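The structure displayed is predicted, hence computed values, not measured ones. Chain A is the first sequence line, chain B the second, and so forth, proteins listed ahead of strands; every chain is numbered from 1.
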2 protein chains.
Amino acid sequence: MSRWIGVEGNYSLLEERQVAYLDPYAERILEWLNSHPGLRTTSSCIGRITLIEGYWPWERKGNSRIVFKTHYPITPAVLALGISQPFEPLWLKVTGPIVHFRAKTPECAAGLLDAARSEGFKHSGIISIDLEGSEWCCVVEVTAPTQFSSPLKLDGVIMASGVQLAVLARRANRALAEGRRRLARLAWRVRSGLAYECP
Amino acid sequence: MSRWIGVEGNYSLLEERQVAYLDPYAERILEWLNSHPGLRTTSSCIGRITLIEGYWPWERKGNSRIVFKTHYPITPAVLALGISQPFEPLWLKVTGPIVHFRAKTPECAAGLLDAARSEGFKHSGIISIDLEGSEWCCVVEVTAPTQFSSPLKLDGVIMASGVQLAVLARRANRALAEGRRRLARLAWRVRSGLAYECP
């Protein structure tokens, strides 16, 4: 969903993938996340629900692929339809929000990490450091643990059916909503100011 | 499992929890992870399988608690026993290895992050920076994505039974083994030297 808000308030996309449409929620969140002068988002996802065909739910390459993806709540019918297709192994995967920021100084990065952790984005961290000394000191990945991966079909066995599909879909939707709540709180926190002094 | 190997080769525990026994695998891994002069482990887990009673599998506090924990493979009977108890909601959770390091310089941290990412520890990052300027510049969290959380009992519904338990246990054990493989490769890599020059 990410786009970059320049210093003069001009919008320009930093992500490789062009975004044709931003829903009002994502638009507001991005504005707030980019309101701090020492931080800029470079990519982001507000959280999503996917069906993954692959041996492991965490794989991205090789024999693994996404066969269904949405950023909105699902119905049990989505799961039933996935299971009825010849996908195997098949996993339901709910992923929390993930945002990448460029930070201007170590203080900006530390302030963002403090805010992220206290708003429920544990395991956030600086994933790369600019050792050459450009305008940006590092890239911070902010990620929420609001996720789970549950097998739907594994080793030739159907792992969920009937009322179990309704239970799974409901819990997946609630996990998605919990991620959104945390993202909104983080965005508000960034907008309100961080713990350490930044440029 | 973590303990700290001092500069003179003396062992001293840094973790709050005293470790009574280290298996040979963990012992060797820790020696390798601590063989770099600019890095020291401060806490670590080689990966584990847990049963969690709680609304969400990622929660640690509040109404959530671990009702079973092991660092070794499980049998389907472990899952059946968990389900037969009055725990609810109940999740099976497999977690990959996680190690915290202190790094002496940004170069050491960057070298470790490079090695971690190429050995399958994505989402690793610097989780705190020492802005006061002590001997250590930062703390790096190295974590593998080799994990999944699958509900066993949710909203009053039993989510797995019969052959599904055997399938779940087998896949959980394989995820645990995959985490171990990545940890061993990372430890070997740290022992062999990192990409950037460190003290």
Side-chain angles (χ1 to χ4, degrees), chain A residues 55-60 89 91-94 96 98 105-107 109-111 113-114 116-117 120 122-131 137-160 162-164 166-168 170-171 174-175 178 196, chain B residues 55-60 89 91-94 96 98 105-107 109-111 113-114 116-117 120 122-131 137-160 162-164 166-168 170-171 174-175 178 196:
Chain A
Y55 193 85
W56 297 121
W58 60 77
E59 275 178 342
R60 289 280 194 83
W91 299 79
L92 163 66
K93 183 173 184 179
V94 192
I98 181 164
T105 67
E107 285 77 11
L113 285 175
D114 267 14
R117 213 156 297 130
K122 61 178 190 169
H123 300 307
S124 298
I126 297 168
I127 59 169
S128 74
I129 307 170
D130 181 14
L131 298 170
C137 94
C138 58
V139 175
V140 183
E141 181 178 88
V142 166
T143 175
T146 54
Q147 57 179 287
F148 69 88
S149 310
S150 189
L152 297 177
K153 230 190 298 180
L154 221 52
D155 296 348
V157 176
I158 289 177
M159 303 294 285
V163 69
Q164 294 168 332
V167 169
L168 270 180
R170 186 163 55 216
R171 196 58 63 106
R174 286 180 185 166
E178 173 62 20
Y196 300 100
Chain B
Y55 194 83
W56 297 120
W58 60 77
E59 275 178 341
R60 289 279 195 82
W91 298 79
L92 163 66
K93 183 173 184 180
V94 191
I98 181 164
T105 66
E107 285 78 10
L113 284 176
D114 267 14
R117 213 155 297 130
K122 60 177 191 169
H123 299 309
S124 298
I126 297 168
I127 59 168
S128 73
I129 308 170
D130 179 15
L131 297 171
C137 94
C138 59
V139 175
V140 183
E141 181 177 88
V142 166
T143 175
T146 54
Q147 57 178 287
F148 69 88
S149 310
S150 189
L152 297 176
K153 230 190 297 179
L154 221 53
D155 297 346
V157 176
I158 290 177
M159 302 294 284
V163 69
Q164 293 169 332
V167 170
L168 271 180
R170 187 164 55 216
R171 196 57 63 105
R174 286 180 185 165
E178 173 62 20
Y196 300 99

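Atom-to-atom distance recorded for Ile129(A):CD1 and Ile126(B):CD1 is 3.5 Å, nearest 0.5 angstrom.
Proximity of Leu154(B) to Arg170(A): side-chain heavy atoms (C-beta onward) are nowhere separated by under 4.5 Å. For the pair Glu141(B)/His123(A), a side-chain contact is recorded, criterion being any heavy-atom separation below 4.5 Å from C-beta on. At a threshold of 4.5 Å between non-hydrogen side-chain atoms, the residues Lys122(A) and Trp58(B) do not count as touching.
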Would you give me the side-chain donor-acceptor pairs under 3.5 Å for residues 142-151 of chain A, sequence neighbours excluded?
unit_1	atom_1	unit_2	atom_2	d
Ser150(A)	OG	Ser150(B)	OG	3.3

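In this structure, chain A has a heavy atom under 4.5 Å from the side chain of Pro57(B), while its backbone stays farther away. The parts of Gln164(A) that come within reach of chain B are both its backbone and its side chain, each placing non-hydrogen atoms under 4.5 angstrom from that chain. Contacts between Ala175(B) and chain A at a heavy-atom distance below 4.5 Å involve backbone atoms as well as side-chain atoms. Neither the backbone nor the side chain of Leu92(B) comes within contact range of chain A, judged by heavy atoms closer than 4.5 Å. The contact between Leu113(B) and chain A is made entirely by side chain atoms (from C-beta outward), counting heavy-atom distances below 4.5 Å.
When the candidates Ile158(A), Val139(A), Ile127(A), Val157(A) are compared by the number of heavy-atom contacts under 4.5 Å with chain B, Ile127(A) comes out ahead. Most heavy-atom pairs under 4.5 Å with chain A, from the set Val163(B), Val167(B), Leu168(B): that is Val167(B). Per-residue heavy-atom pair counts under 4.5 Å with chain A were compared for Lys93(B), Glu178(B), Glu59(B), Met159(B), and the maximum is reached by Met159(B).
Considering only residues two or more places apart in sequence or on other chains, Arg117(A) meets the side-chain hydrogen bond (donor to acceptor under 3.5 Å, both in side chains) condition with none of them.
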